[in-house]
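First up is the structure itself, then whatever we jot down about it.
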Amino acid sequence: MENINLVDILIYMINFFVTFLLLYLLLYKPISRFLGERRDRTVNTLKEAEETRREAEHILQEAQAELASIGEKSRQLSHETIENAALAAEKIIDNAQDEASAMIVRAREQMEAERQVALERAYSDLVSFAGVLASRVIAREVSIEDNRAVIDHFFEESHTEFNKQKERQS
Amino acid sequence: MSVLRTPVLKIAPPYDDDLIRRIEQGFSDRFKTDVCFEVNEDPSLLCGFVAYVNGMVFDASGKTRLTDIKEYLIDSVLVPPTEKEEDDF
């Protein structure tokens with residue numbers, strides 16, 4: 001108990017409070033301000049990150065919507081293309097059929113014309129053949145025996161026919 | 001026996017009296033009367049004869065036969081085609 005002095009205790013206490021005050025002013029406040037600013041920055045960063053995420057989600061949704069729209073448009077365009085192609089094919093087939101019919105008609109007309117030409121040629125050939133035949137007959141000298149044969153044949157035929165007529169009349 | 005108007009005979013050369021008599025005999029038998037032709041030579045008949053007897057014409061000439069053949073051939077060509085020929089065509 002001899003060493004304990006009230007003055008010393010008081011000095012120590014004052015010393016302690018002074019030290020505490022100094023530490024509070026020189027360390028605690030700047031550190032606390034620094035931590036507060038850091039927390040604010042973190043909060044702001046998190047907020048920005050959240051906003052960025054929301055924007056990204058929004059952009060993603062828009063992109064998905066646009067993609068879906070493009071897909072729908074693509075399907076529609078494909079459908080229209082197929083329909084147009086079918087119509088074009090049908091038109092081509094109709095045209096081909098019309099053309100084929102016209103070709104058949106033209107071919108028939110041409111065949112008929114060629115048939116007429118062939119008939120006329122055959123007629124002409126026949127006439128010339130008859131002419132050749134006649135000229136050959138004329139060219140061959142007719143003998144008296146030929147004439148006799150013709151006359152005998154005529155009277156034989158005439159006699160036969162005459163008898164038939166008489167039989168009919170009787 | 002009655003006598004006919006003068007019959008006319010056109011005949012292609014060559015011929016002789018026997019041939020003329022053969023023709024006259026044939027017509028005499030046919031008409032039961034004497035037939036005596038006025039004979040005219042006609043080379044355009046080619047062969048045979050044409051006789052004009054009692055208002056009738058008896059044509060046994062080669063020229064007429066050839067004309068008949070020619071008309072027959074032309075008619076056979078100009079006959080319209082049958083349905084089968086038309087289908088084949």
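This one's a predicted model, so the numbers in the text were calculated from it and none came from an experiment. Residue numbering restarts at 1 for every chain, and letters A, B, ... go by the order of the sequence lines.
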Under 4.0 Å between a side-chain nitrogen and a carboxylate oxygen: does that hold for A:R148 and B:D18?
no
Heavy-atom nearest pair, B:P14 first then A:S143, reads CG-C, 3.7 Å
Has A:E99 got more than 12 heavy atoms of other residues, nucleotides or ligands less than 6.0 Å from its CD?
no
Before you tell me yes or no, could you show the steps for B:F49 and A:V150 under side-chain contact (heavy atoms from CB on, under 4.5 Å), namely the whole-Å CA-CA distance, both residues' side-chain angles and the distance that decides it to 0.1 Å?
CA-CA 9 Å; B:F49 67 88; A:V150 169; 5.6 Å; no
Distance from B:I20 atom CD1 to A:N147 atom CG, nearest 0.5 Å?
9.0 Å
So, the part of B:D16 with a heavy atom under 4.5 Å from chain A: the answer is both
Is the number of heavy atoms from other residues, nucleotides or ligands within 6.0 Å of CD (A:E66) greater than 12?
no
Hphob cluster co-occupancy, A:I9 + A:V18, side-chain heavy atoms under 4.5 angstrom:
no
Linking I/L/V/M/F/W/Y whenever their side-chain heavy atoms sit closer than 4.5 Å, directly or via other members, would A:L22 and A:I14 fall into one cluster?
yes
Report yes or no: do B:M56 and A:F155 belong to one cluster of Ile/Leu/Val/Met/Phe/Trp/Tyr joined by side chain heavy-atom distances under 4.5 Å?
yes
Tell me whether the rings of A:F154 and B:F27 are parallel (<30°), tilted (30 to 60°) or perpendicular (>60°).
tilted
Under a 4.5 Å side-chain heavy-atom rule over Ile, Leu, Val, Met, Phe, Trp and Tyr, are B:V8 and B:L45 clustered together?
yes
Tell me, for B:P43 versus chain A, whether the close heavy atoms (under 4.5 Å) come from the side chain, the backbone, both or neither.
neither
